[in-house]
Structure formats: C-alpha cells, structure tokens
Number of protein chains: 2
Amino acid sequence: MVTLYDVAKSAGVSPKTVSRVLNGDGPVGKATRDSVEAAMQALGYVPSSAARALRSAKSGLIGVVSGAISYTDDNPLLAGLPEIYILRGIQDVLDEKRLTVLLTDTGGRADAAPGLLNTLARHRVDGTIYVAPFHQQVALPPPTAVSAPLVVANGFADDATSAVVPDDYTGQRVLVDGLIARGHRRIAYLQLPHALLATQHRTRAYEDAHRAAGLPLDPGLMIVADRVDDDAEARTATLQHAIAALLATSPLPTAICCGNDRMALAVYGMLRARGLRIPDDISVAGYDDYRLISETLYPALTTVALPYREIGRQAARLLTEPQSGTRRITVPGPVHWRDSVTTIT
Amino acid sequence: MVTLYDVAKSAGVSPKTVSRVLNGDGPVGKATRDSVEAAMQALGYVPSSAARALRSAKSGLIGVVSGAISYTDDNPLLAGLPEIYILRGIQDVLDEKRLTVLLTDTGGRADAAPGLLNTLARHRVDGTIYVAPFHQQVALPPPTAVSAPLVVANGFADDATSAVVPDDYTGQRVLVDGLIARGHRRIAYLQLPHALLATQHRTRAYEDAHRAAGLPLDPGLMIVADRVDDDAEARTATLQHAIAALLATSPLPTAICCGNDRMALAVYGMLRARGLRIPDDISVAGYDDYRLISETLYPALTTVALPYREIGRQAARLLTEPQSGTRRITVPGPVHWRDSVTTIT
DNA sequence: CGATGTCATGACATCGATGTCATCATGGGT
DNA sequence: ACCCATGATGACATCGATGTCATGACATCG
C-alpha cells in the first residue's frame with residue numbers, strides 16, 4: 001500500500017503538506033501542490049479512510065438499516081420496492097456530499113435492528129437512517145453510548161427522533177376528489193387491512209371527500225380486501241369475495257379504488273373474467289404508482305404516487321444538514337391520471 | 001467514546017488482554033475474561049473498526065458496485081429487481097461471515113465504476129463484487145495499485161476475473177421442451193433484442209428444442225418484440241405489431257414464450273383485448289419469474305426463474321472463500337409451471 | 001531435579017492519517 | 001526602518017486498535 005508518507009517523500013515535502021493538498025486545509029504553494037499531485041498520480045495513492053476516521057472521528061459513512069434487500073420476496077404485498085426508492089433518494093443526497101452508504105439489512109426480522117445498529121456503531125457511521133417498510137411507528141432500541149444522529153424514513157419512532165413520512169391523507173383525498181369531479185358518484189374502495197396506518201389516513205380522506213361533495217357514504221362500497229399474513233391464494237380469495245360483493249350492489253359502482261397497484265392488477269383480471277371492460281364499464285385506480293404495474297397494465301393505471309424517493313432525500317438531508325432540534329416532515333405524492341379512469345358524462 | 005483502554009483500566013488488565021478477549025486470539029483466564037466482559041458491558045464499549053482496520057488491514061467490509069438502487073425506475077425493462085435479488089444472495093453469505101456491505105451505486109452510468117471502485121479502495125474493502133444489471137460482458141477499469149479481490153456477478157469481464165452468470169440456455173430449453181411435452185406444436189417466441197446475450201442463448205435453446213423434437217422452425221413465430229432504448233409507448237407499439245403478426249399466421253400458435261414476465265403481462269392484456277382466453281385459447285410463458293407479476297397475474301404465469309439470489313451467493317462465496325485461481329460459474333434456474341400453460345390433448 | 005513447553009499476561013511499537021503549534025519568509029502599513 | 005499579519009511549511013503527538021516479543025508461573029517429562 002502506498003501511504004501518504006510515500007507521497008510526501010516522493011514529492012520532497014512533509015506528510016502534513018500532502019494532507020493539506022488532500023483536504024484543502026491550510027494554504028499550499030502552487031508549485032508544491034502540483035508536485036504533490038503528480039506524486040499521488042504516479043504512485044497511485046489512495047488515502048486510507050480508516051486512518052482518517054481514526055484521527056478525525058469522521059468516517060464518511062452513513063448507516064442505513066432497512067429491509068430493502070430482504071423484503072423483496074418475503075412479502076410480495078410490499079415487494080421491497082418502496083424501500084429501494086427510499087434508498088435511491090438517500091443516495092441522491094449522499095452522492096452530492098461524498099458520503100457512502102453502509103447498508104445493513106433486517107432480513108425481515110424487526111429484532112435484528114439492535115445488532116445492526118451495533119455494527120454501524122463499530123464502523124463509526126456519521127449518522128444513521130432507519131427505513132421502515134411501510135408507514136408505521138417503529139420501536140428503536142434504547143440509544144446506546146455510541147449514538148450518531150438518527151432519522152427514521154417512512155415511519156416514526158418517538159418525539160425525540162426526527163422522521164419523514166408520506167402524506168397518505170392528501171394522496172387519497174386528491175384521488176377521490178378527482179373521481180368525483182369526473183362525474184363518479186358510486187366509488188368503491190377496496191381497502192388494505194385497517195391495521196395499516198396508511199389505511200386509516202386514506203379511509204378518512206375517502207370519507208372526507210364524499211362529505212365535502214355532499215355524497216352519501218355507502219358502507220357496502222367500502223370493503224377490506226386484503227390480509228397481511230396469509231398466503232397468496234387466501235389473499236386472492238379474499239379479493240374475489242370483495243369483488244363479488246361489490247358487483248352484487250345496485251346500482252353498480254362506476255369506479256373502484258384499490259389499496260395498492262398490486263391489488264389493482266388482480267382486479268383487472270377478475271373484472272375481465274366477469275366480462276367487464278376497463279374503463280368503459282368501470283374505472284379502476286390504484287395506489288403506490290409501482291410503475292412496473294401502473295405503466296404496463298393495459299389500459300395504464302390511474303394511481304397515487306408515494307413519494308418514496310423524496311422521503312429518502314428529505315431523510316438524508318435531515319441527517320446531514322444539522323437542523324435545530326427534532327423534526328417531523330410529511331411529504332405529499334401526486335396522483336397520476338391514466339387511462340383506467342374515464343369521465344362520466 | 002469508550003475505548004479499549006478504558007475497558008482495560010476498568011477491568012484492571014492490559015489493553016492487549018482486552019483485545020484478546022475481543023478476538024479470541026491468545027488464551028485468557030476464565031476470571032479475567034469475565035471481568036473484562038463485565039467491564040465492556042458496563043461501559044457500553046463498542047470497538048472501533050477504523051482502528052482495527054488500520055492496524056490489521058482487514059476492514060470487515062465488502063464493496064458492492066451495482067445499479068440496484070438507481071436502475072429501479074430508469075429502465076422499467078430491468079426494473080432493478082434482478083440486482084436486488086443478487087444483493088440478497090450476497091447478504092446471505094456475508095451475514096454468516098460477519099461482513100458488512102459497502103454499497104455504491106452506478107446511478108445507471110457505466111462510467112461511474114472507476115470512481116466507485118476508488119471509493120471502495122479508500123475504505124479498504126476486503127473484496128469487491130461487481131453486479132451487472134443483466135447477463136453481459138462488462139468493462140472494468142484497469143486494476144489499480146489497490147486491488148482487493150474482485151468478482152463479477154451476473155456478467156463477466158475477462159479471463160483473469162472470476163464471474164458468476166445465469167444459465168440462460170438451460171432455462172429456455174427446459175421450458176420449450178416442457179411445452180412440447182405438453183402437446184404444443186406451434187410455439188411462438190417473442191424475443192428481447194438480439195443484442196442481449198440472454199437472447200442469444202435462449203434463442204439457441206428454443207431452436208435446439210425444436211430440432212431435438214423433430215419439429216420445424218417457423219421464422220414467422222420468432223419475432224423480436226421489444227427494444228432497448230425507446231420510450232414506453234414505442235415499446236408497447238412494437239409488441240402490438242408482434243402480436244398482430246403472430247395472430248395473422250395460420251394455424252395459430254398454441255403457446256407464446258415471452259422474453260420476460262413484463263412482456264407477458266402486456267401480452268395478457270393484448271390477447272384479451274382481442275377476445276382470446278388464457279390458457280384455453282392460447283398458453284403464455286414468461287421469463288425471470290418476477291413473482292410480483294408471475295404470481296399475481298390471473299391466471300398465474302408459467303415462467304423460468306433466474307437464479308439471481310444464488311448468483312449472489314456464489315459470487316460472495318467465490319470472494320470470501322479463496323479458491324485457487326480464476327473461476328467462472330454458471331447457475332441454472334428452474335421452470336415454474338403455472339396455470340397460464342395448458343396441456344393440449 | 002533440571003529442562004522444556006504451555007498458559008496467562010503485559011510492554012511497546014506500529015498502522016496512516018490529521019490536529020496543534022512552531023518556524024521562517026515576505027510585504028504592507030505607518 | 002520597524003512591527004505584525006499572512007502565507008507556506010514542518011515537527012511531533014495522537015486517534016484506538018493489534019502484532020511481536022518478553023516474562024513469570026506451573027505442569028510435565030525423562
């Protein structure tokens with residue numbers, strides 16, 4: 001390994017001067033700088049961040065705790081994508097600031113967190129972002145003696161911890177307001193389980209939108225159509241029942257809001273199996289804007305984007321641009337109107 | 001920060017003894033070990049991997065270069081998922097060995113690699129895994145003075161670099177053999193662009209399967225139905241044309257192999273828009289086993305799994321369990337037979 | 001019973017950077 | 001002509017671990 005001392009010797013200067021060239025600390029003469037840089041080039045010098053970290057207590061690492069990698073196939077409902085987008089937002093910001101991500105994965109087990117935080121502490125990360133798989137309250141281990149700043153993304157912990165969460169209410173509200181504006185009067189809502197915070201916020205938005213428009217709320221149109229823990233077949237069956245119940249109402253709904261795009265994908269198939277055309281007979285909307293689904297479905301799916309990337313960005317900024325005190329940020333996501341929704345004249 | 005010296009003082013032993021307890025090097029008396037461990041507990045000691053790395057030249061970090069994070073929405077064709085699964089396989093192995101992933105992302109630009117490798121070198125990673133977004137030859141920057149061992153996953157570089165790649169030939173071959181065994185005689189093949197190595201291998205497999213069964217090869221059934229660089233609409237149009245061409249042949253094909261699951265998803269919609277039932281009128285198969293698509297589609301999609309997770313595992317093992325010389329490993333993936341394929345009697 | 005080996009432990013140097021403080025020109029201000 | 005701020009550079013200690021070598025206490029062996 002070429003060290004800073006080798007560079008110094010080769011350039012005929014002191015180690016400290018090389019350090020100054022490297023970090024732009026003190027002033028360095030033009031000629032000296034050039035010869036140092038030439039020496040670094042010639043020797044193929046690569047600074048050791050271990051040594052730097054040891055001396056200056058800055059590792060240049062940001063720890064990330066997430067299930068982005070492992071959730072991918074454990075839970076197809078979530079499919080890991082949200083966390084990937086959040087990671088991407090984090091990268092956006094950290095790249096600019098020349099920080100590197102030290103990634104640890106929960107492997108889907110919530111009790112993995114303490115061990116992972118310990119690993120991050122060993123590496124003396126300059127800060128940690130804890131990424132929740134979906135909008136929820138997370139339980140953090142008690143802050144140890146070694147506590148770099150910590151931010152929760154896509155969830156929140158307690159009042160002493162900064163957090164960034166999606167604005168579920170506004171997303172659903174804008175969607176339903178938009179459907180009403182497009183002439184829909186009987187709008188069904190196939191919900192995700194009520195245990196999800198997102199469902200609670202979105203349900204309130206669905207109801208508020210109806211109230212604001214002076215429309216009645218028909219309980220027959222609001223059905224929980226997914227489960228959390230079951231296997232794929234049981235979940236399909238749950239959805240089948242919901243669709244059957246919906247199509248038994250009269251008059252038929254003209255639009256169906258689905259809890260997420262994945263549900264919408266299944267709904268497409270089920271409606272068509274019953275001979276219904278989308279959007280001519282019935283409009284469909286999703287949630288999440290999984291572009292893999294929403295753009296590929298035929299017709300393309302109207303859906304609400306969750307601003308995951310922006311959540312990641314905000315979290316990274318919160319962490320790296322020291323603010324005063326603890327903050328909680330709510331990030332709204334736009335509705336993408338596509339061909340699966342028609343206007344009723 | 002609590003250091004090893006604090007622990008030593010508190011336990012009344014020398015720093016070196018604490019180090020021995022930590023690493024299990026030399027022998028340590030039972031009583032001494034207990035008091036040291038108690039002191040570590042009490043003080044909340046967390047070892048500094050920077051100091052350890054500096055002294056012993058082992059960082060406990062494995063660098064990963066991939067586009068897993070950034071590809072996610074830049075290129076819906078690939079959608080990042082393959083790389084996520086590969087990462088997962090890597091994690092499987094590294095977790096066991098108590099190594100941590102230092103993740104750097106190409107941001108979708110191939111020319112980002114040299115800079116990323118330099119970042120990894122600064123952190124003195126114990127090894128590097130270069131993850132290719134799809135099966136291809138990758139161009140690595142010239143090995144610098146600082147070269148930890150490197151392995152390419154899901155691609156290959158040159159004869160001096162170990163690599164792990166998927167077995168595209170066998171996957172497609174088993175699929176087409178299986179379709180023929182199920183009575184299909186006119187099997188269409190909607191290919192991905194020929195520029196992809198995967199397409200070349202799979203096309204050979206498709207042809208070999210026909211030859212082996214004594215079936216004629218109809219060029220009208222082999223259509224390139226996707227493009228690499230175009231926007232979503234142009235790609236949909238390309239696929240539409242392919243479907244139209246296919247349905248103009250006589251007799252109609254009884255099965256369609258798609259280049260990937262995403263294409264199969266679109267094909268479902270297009271066939272149904274033309275009034276064809278799946279699988280009654282025509283069977284459909286995909287490739288990749290994106291479970292998000294393959295398990296959710298209705299009916300569920302028959303497809304070939306790409307063994308991404310296993311590729312990641314093998315790559316991590318290749319890196320961390322030093323073998324003799326350079327190796328190249330080919331990993332096969334199984335066919336998942338689901339309801340989108342019917343047997344012709 | 002002395003030689004020898006193993007166990008248990010400590011002293012000290014060292015890994016490769018940076019922080020602190022000192023040194024020595026140089027040049028502008030008065 | 002003198003003072004002092006500023007620029008350019010270096011000497012030296014230091015960050016927190018581990019590698020090397022040394023030491024003393026026992027146990028074992030011929």
Side-chain angles (χ1 to χ4, degrees), chain A residues 1-37 39-40 43-61 98 118-119 121-126 145-146 148, chain B residues 1-37 39-40 43-61 98 118-119 121-126 145-146 148:
Chain A
M1 278 305 334
V2 179
T3 75
L4 173 147
Y5 293 91
D6 301 324
V7 174
K9 196 172 301 176
S10 161
V13 300
S14 79
K16 181 68 220 197
T17 298
V18 177
S19 172
R20 276 192 270 259
V21 171
L22 228 53
N23 301 292
D25 297 60
V28 178
K30 175 88 171 71
T32 312
R33 158 170 288 112
D34 287 348
S35 79
V36 168
E37 276 166 353
M40 297 199 302
L43 299 178
Y45 169 68
V46 179
S48 156
S49 62
R52 187 205 303 275
L54 181 57
R55 187 65 179 92
S56 62
K58 304 226 157 175
S59 61
L61 298 174
R98 322 207 127 268
N118 184 268
T119 297
R122 292 170 121 79
H123 288 283
R124 298 290 189 272
V125 293
D126 296 333
V146 205
Chain B
M1 277 304 335
V2 178
T3 75
L4 173 146
Y5 293 93
D6 301 323
V7 175
K9 196 173 302 176
S10 161
V13 299
S14 78
K16 181 68 220 194
T17 298
V18 178
S19 170
R20 275 192 271 256
V21 170
L22 229 54
N23 301 292
D25 298 60
V28 178
K30 173 90 171 70
T32 312
R33 159 170 288 112
D34 287 348
S35 80
V36 168
E37 276 167 354
M40 297 198 302
L43 299 178
Y45 169 68
V46 180
S48 156
S49 62
R52 187 207 301 277
L54 180 57
R55 187 63 178 95
S56 63
K58 303 224 158 177
S59 61
L61 298 174
R98 323 206 127 266
N118 184 268
T119 297
R122 294 170 119 79
H123 288 283
R124 299 292 189 269
V125 292
D126 296 333
V146 205

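Heavy atoms only: backbone and side chains are in, while hydrogens, waters and symmetry mates are out. Note on naming: letters A, B, ... go to the chains in the order of the sequence lines (proteins, then strands), and numbering restarts at 1 for each one.
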*Could you tell me the separation between the NE2 atom of B:H123 and the NE2 atom of A:H123, rounded to the nearest 0.5 Å?*
11.0 Å
*Give B:V13 one of three labels, base, sugar-phosphate or nothing, depending on what nucleic acid heavy atoms sit under 4.0 Å from its own.*
sugar-phosphate
*Given that A:P27 and A:P15 both sit by DNA chain D, which one's nearest nucleotide is further toward the 5' end?*
A:P27
*Can you find a heavy atom in the side chain of B:P47 that is under 4.5 Å from one in the side chain of B:L22?*
yes
*Side-chain N,O (A:T17) to OP1/OP2 (D:dA8) below 4.0 Å*: no
*Side-chain donor/acceptor of B:S10 to backbone N/O of B:A39, under 3.5 Å*: no
*Would you confirm whether B:N23, through its side chain, and B:R20, through its main-chain N or O, come within 3.5 Å as a donor-acceptor pair?*
no
*Relative to the 5' end of DNA chain C, which residue comes earlier, B:A51 or A:L22, by the nucleotide with the nearest heavy atom?*
B:A51
*Starting at the 5' end of DNA chain D and moving along, which residue's nearest nucleotide shows up first, A:G29 or B:L4?*
A:G29
*Could you state the interatomic distance from CZ (A:R52) to OG (A:S19), rounded to the nearest 0.5 Å?*
8.0 Å
*asked:* Please compare B:R33 and B:R55 by the position of their nearest nucleotide in DNA chain C and report the one closer to 5'.
replied: B:R33
*Find out whether A:D126 and A:L61 are in side-chain contact, i.e. whether some heavy atom of one side chain is under 4.5 Å from a heavy atom of the other.*
no
*Considering only heavy atoms of chain B and a distance under 4.0 Å, specify the first and last nucleotide of DNA chain C in 5' to 3' order that meet this criterion.*
C:dC7 to C:dG16
*With a non-hydrogen cut-off below 4.0 angstrom, is B:T32 in contact with a base, only sugar-phosphate, or nothing?*
sugar-phosphate
_Report for the helix from C:dC1-D:dG30 to C:dT30-D:dA1: angle between first-end and last-end helix axes, five pairs each, rounded to 10 degrees._
40°
*A:V2 side chain reached by A:V46 side chain, heavy atoms, under 4.5 Å*: no
*So do the side chains of B:K58 and B:R124 get within less than 4.5 Å of each other, counting heavy atoms only?*
no
